[in-house]
Amino acid sequence: MGFQCKDLGVTYKTQNGELEALTDVSFSVRDHEFVCLVGPSGCGKSTILKLVAGLLEPTLGTIAFDTVPANGRPRNAMVFQEHGVFPWMNVIDNVAFGLEIRGVPREERRAIARRFIARVGLSHFEESHPHELSVGMRQRVSIARAFVNDPEILLMDEPFGSLDAMTKMVMTEELMGIWSRQRKQVLYVTHDIEEAIMLGDRILVMTGRPGRIREEIEIRLPRPRDLRDRDSAEIVKIKEHVWEILEEEVRSGLREGS
Amino acid sequence: MGFQCKDLGVTYKTQNGELEALTDVSFSVRDHEFVCLVGPSGCGKSTILKLVAGLLEPTLGTIAFDTVPANGRPRNAMVFQEHGVFPWMNVIDNVAFGLEIRGVPREERRAIARRFIARVGLSHFEESHPHELSVGMRQRVSIARAFVNDPEILLMDEPFGSLDAMTKMVMTEELMGIWSRQRKQVLYVTHDIEEAIMLGDRILVMTGRPGRIREEIEIRLPRPRDLRDRDSAEIVKIKEHVWEILEEEVRSGLREGS
Amino acid sequence: DPPERTKVRIMNSPYMSWAVIHLAKANGCFDDLGIDVEFVTMRGIREGLPALAQGRLDVLPGFITPGYVNLMQRGAGIRIVADKGYMEAEGCPYRAFLASRELVASGRLDSFEGLRGLRIAGERTSTSYYALSSLLRAGNLTEDDIEWIDLPTPAKQGALEAGAVDIVNASEPWITRIVQSGAGVIWLPARDVVPGFQHSFLMFGPSLLEKDREAGMKFMVGYLRGVRIYNEGKTDHNVRVIAGETGLEETLVRDACWPPIRSTGEYDTESLLTYQSWAFEEGLIDGLVPVEGFWDPAFIEYANRVLAEEH
Amino acid sequence: MNGRKLAGSMIPVIPPAILIVTLTLIETVTRMEILPSLFFPPPSAIVSTLYDMTTEGELLDHLSATVLRLLTGFLLGGIPGMILGMMMGWSTAIRRILDPFVAALHPVPKISSLPIIMIIFGIGFVSRTIVVAVASFFPMLINTMAGVRQIHPIYFDVARNSGASRMQILRRVVLPGSTPFILAGVRLGLNVSLSISLAVELLLADKGIGTLIWMAWQTMRIEELYAAIVTAALVGISIRLFVQVMLDRCVPWATKART
Amino acid sequence: MNGRKLAGSMIPVIPPAILIVTLTLIETVTRMEILPSLFFPPPSAIVSTLYDMTTEGELLDHLSATVLRLLTGFLLGGIPGMILGMMMGWSTAIRRILDPFVAALHPVPKISSLPIIMIIFGIGFVSRTIVVAVASFFPMLINTMAGVRQIHPIYFDVARNSGASRMQILRRVVLPGSTPFILAGVRLGLNVSLSISLAVELLLADKGIGTLIWMAWQTMRIEELYAAIVTAALVGISIRLFVQVMLDRCVPWATKART
Ligand SMILES: Nc1ncnc2c1ncn2[C@@H]1O[C@H](COP(=O)(O)OP(=O)(O)OP(=O)(O)O)[C@@H](O)[C@H]1O
Ligand SMILES: Nc1ncnc2c1ncn2[C@@H]1O[C@H](COP(=O)(O)OP(=O)(O)OP(=O)(O)O)[C@@H](O)[C@H]1O
Ligand SMILES: [Mg+2]
Ligand SMILES: [Mg+2]
């Protein structure tokens, strides 16, 4: 029930010629697995998510999914890094959008949406339009929208990046609850190495541009994990390892000017 | 050379009536001080920054600045949470924008911009347009633009939120270098409590909406500070304290639906 | 049992030259013939000609244009069937050249040479242009010797008043208006340049020429009845009807020149042949149409017989 | 209330003030006969003519004929223009295929091709409406197309990611996302339709504000001419008010800020 | 190359293909005299007329007269329209004050007010150009205004935060930010200017495509009529190509994606 990416390559055509964003990217996500993606800024993480979501055709390579989604249920739902909350819909319509698309009747979908809006703490803002929200509030709308869609695969591009530490923790708990109750694959982009270790079954660490998977790190810690364990030898070891890779990639990127 | 905010209040007019975003906000930033602002999502941090920048008129209260900026040099420069990189200019023009405004000749301003672009690791992308950049790369453009402007007051709204851990560290070093070399006030919004402790002379912790300053915490740690010291008793104490406030504010916010 | 009624679609324009049609209709000249006249309002015959040729209009009251000749040249089934106005040698001028009182008084216009360099306004519609062209020819001048300015009619008066042009060519009721406002005086009636010119006529299209000639015959009877009423002159009744249909003030209608129309409907074919040779030389038409190609007298012949019996 | 807010609160009274001052000025100038009174009647005379024409019922007749023509034409032209504009803005392929034809047909002069249209479609209601419809078709098409093209691609991605069908994307992304430009197109289109309605009436109708204008010219009743033109201007102001209301109702998000 | 890309590469040949098929169809129908040949000449006859008119030099004379009128009018009307549109889009106060007047003047029929304009400004070049200028003024104004209003407020904030003066904001934010809509306005404005130029020429010029159309009508030379209209269509295609080039050069960012 997972999916396999094989030899993916993406080259963008830009005004100043071609730009190789990804090269030779191969990895797979197994059934009910939580995979984190970390890598230097601009290495192609968002590009990978768009490929998996089918929003971008790879220049090279293929993606194979193990199952065809059951009727109605979408294969994947994405929390976009730029939120992508529709400015012309209020919060509740934004959150209920996926259900509307699937033809769920208005009252029913609004009831479902309301539940998720409450969980992300925006009940007072159901009727507000996005331009009346703070950035973090918009991000929460985008999270609720993805949760409501209830997909097989959750693609999350720094979903909690604009939230304060405490709200982030609450949202993380929510995510872990959903993930453990319903069998889903999650591909999760984050900049926070500790977060990746706390959440992931596996971490894919990417090189700088053009992005490749430099290393796959299996995290064999028991769940539920506790943030306060983070000084355990195991965690520190992984953290330092990832940090070193990142440091190497970022420093060399900065040296050559990207 | 600092500034004082006194009894600031902001009420937004929205489609669904008025929304009190800030109330009774008073604080001051002293000469050459680095002040961090933390608080729950949607509590009004960005609103405070816009007030200080003069982009928004407070509904109530006043802001007083100690000095009038020297000719040409802007009083403040802001790194916007939403980046606000002009889509119609390439990277170098975006970064050089403030200099262009001040009438610096083209070649000179491009040379200066180029230096800062290199420091944020985007030399390869000088001629690219923003839509060809990743989110983190756009954030770096926005950072470089603010640095180039060389203001008295730097207003930074989660400036490194979209950067990977390593790039973030490099940028932070850069910021600390600039701040310590040139006498500046910095008002810095962050979601990362540890980051606030590492950077700030003081931390202002805000309540949930309507935002007030709930507590001011002086950080008396010597500089330069080292991230690896973070388990020192002092730091842990501050961290736990801030965390508790946030927890209280966020939980009560979630209960009443934001 | 009342006879079956026939609908005849006729182009209408609230111009003075439509007076006969308006009078005929207002006086019920068609009613007892079983003809119902339906007016289709349009501004000019330019729009009406193709509709006539396609049978979308049955009757087009019109004036001569090169397009009319060219259409018949190419075999369109349209014909002139009756007179609707010509340039009488005597009497009031229905079309004329006007100029400011000072210019006329100066004597400059007494010789053709004086025309050189003057700004003359009109419309490149045939009549206005034909008159000018004939004038220039008479004086051995060409269009290059003067400055021809194309102007919409309502602007002529203001242009003359403001001194933006020296001479305008206009027809009624504009002549009366210009003269009464003091903006200009009649310098030369067009009839002095193109005497007897048949500027106006009635045309039938294929629907009456071919499909239903009988309806055409009946219509003509009604039309000639209208002509007789028109020829009674400026009676109060006539003035009121024309003023009502055209929206002009009654005083203006009364002061204006009413062009003569032959009560038999007879048409001066010679005049059109002359016009054609002029238009051909000017390159406006592609060939000459012989009399039987443009003139169908059968309708007025029938109508005159009927009307003679009536009296 | 500070000075700036006070100044702001004055804004609504400025346009009427300007109008009154201008009219008074013109009234004085025309009464002093500095301009030829034949062509420049004093505004008060125009207003009184307007009043007479209204009370006699004549004006409302003509007005409703024009408005009917205008609206029929606009609906018949504007809605297809909007739909085609959405398709062309959305799909590069459709745009590339159709745009040359749009470009070729747009400048074909509406009024001067009326004769051809009459040749093809006859002289009745159809021809007249077609000309008006064609006139509003193009502003709607071109503005909608530009409006759709400015929608940030992320919204299409979000919609596709939710499994939206083409129809759903059209209804929920393309249409609302381009509304501000569709409304600019509506405003342009309605005004062009109005102008062309008037021109058509000038050429061949027997009812309408255009006929009124033409009759006034023909009979040199200059007050009536100006009164007819003022009526056209009032229709224009109504169009603007309508578009304004639509803007406020449909796109509060666009006139304030966008995500 | 997969099927989709192959299909994509076919796009440029589709419009000419459609054109050829349509023309062939019309040619057959007209040659078979299904339509009356009097008013529906076969396309080949139109093309050969067009060719004759071109080689005789006559057509180019008329064409350049029209293009000159069109461009002069557009520059005189479009640029003020753009500038006013920027001001009105940017400043709510200016918009509220001026918009009622714009709304009132927009629908005043251009062509039928030509006589008044001629009375005021004389019968020469000025009057003719004013009518064309006014026609392009409004699409530029309304589109520019809508374009400015859709600029995300954050860009104004960024500019103000850098200390930009009003002039600098105008040049570096307002202008580039609304370029896609200004260009839609340019396209509409140029086409309207063209239409109105033709209409003016129809009424009173002695040179231009409009005069050609009018002469062809007057003399019922139907091939020449169609040939003149085809020429107008070619001007329209040139306008579109020009706007396309400008779009590609000035706003690559807008047609792809926006930050
Ligand atoms: N539409 C585009 N056109 C051209 N180049 C692009 C485009 N989108 C992304 N790129 C380039 O592709 C590379 C990878 O971009 P991507 O957004 O996938 O990075 P990322 O890993 O998500 O970075 P970040 O952490 O900063 O979000 C970057 O170098 C970027 O410049
Ligand atoms: N333009 C606006 N119109 C109406 N309400 C607004 C507007 N901008 C902000 N708000 C409201 O003001 C409050 C504070 O917003 P602000 O953006 O300052 O929060 P913040 O602390 O920066 O949040 P975050 O951490 O999520 O960025 C929020 O409740 C938001 O809904
Ligand atoms: Mg990314
Ligand atoms: Mg914020």
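Labels below follow one simple rule: chain letters A, B, ... track the order of the sequence lines, proteins then strands, and each chain is numbered from 1.
- Chain E is approached within less than 4.5 Å, heavy atom to heavy atom, by no residue from residues 84-92 of chain D.
- When each of S238(D), S193(D), G236(D), A184(D) is scored by its heavy-atom pairs under 4.5 Å with chain E, the top score falls to G236(D).
- Both the backbone and the side chain of L19(D) come within contact range of chain E, with heavy atoms under 4.5 Å apart.
- Of all residues spanning residues 99-106 of chain D, those with a heavy atom less than 4.5 Å away from chain E's heavy atoms are D99(D), P100(D), F101(D), V102(D), A103(D), A104(D), H106(D), arranged by number.
- Comparing L188(D), I18(D), L194(D) by heavy-atom pairs within less than 4.5 Å of chain E, the highest count is held by L188(D).
- With values rounded to the nearest 0.5 angstrom, R95(E) atom CZ is found 7.5 Å from Q244(D) atom CD.
- Residues satisfying the side-chain hydrogen bond (donor to acceptor under 3.5 Å, both in side chains) test with S197(E), not counting sequence neighbours, are none.
- Heavy atoms closer than 4.5 Å to chain E are found nowhere in F156(D), neither backbone nor side chain.
- For the atom pair CZ (R187(E)) and CG (L141(D)), the distance works out to 7.5 Å, reported to the nearest 0.5 Å.
- Residues satisfying the salt bridge (Lys or Arg N to Asp or Glu O under 4.0 Å) criterion with E223(E), sequence neighbours excluded, are R74(C).
- Contacts of L183(E) with chain D are absent, with no heavy-atom separation under 4.5 Å from either backbone or side chain.
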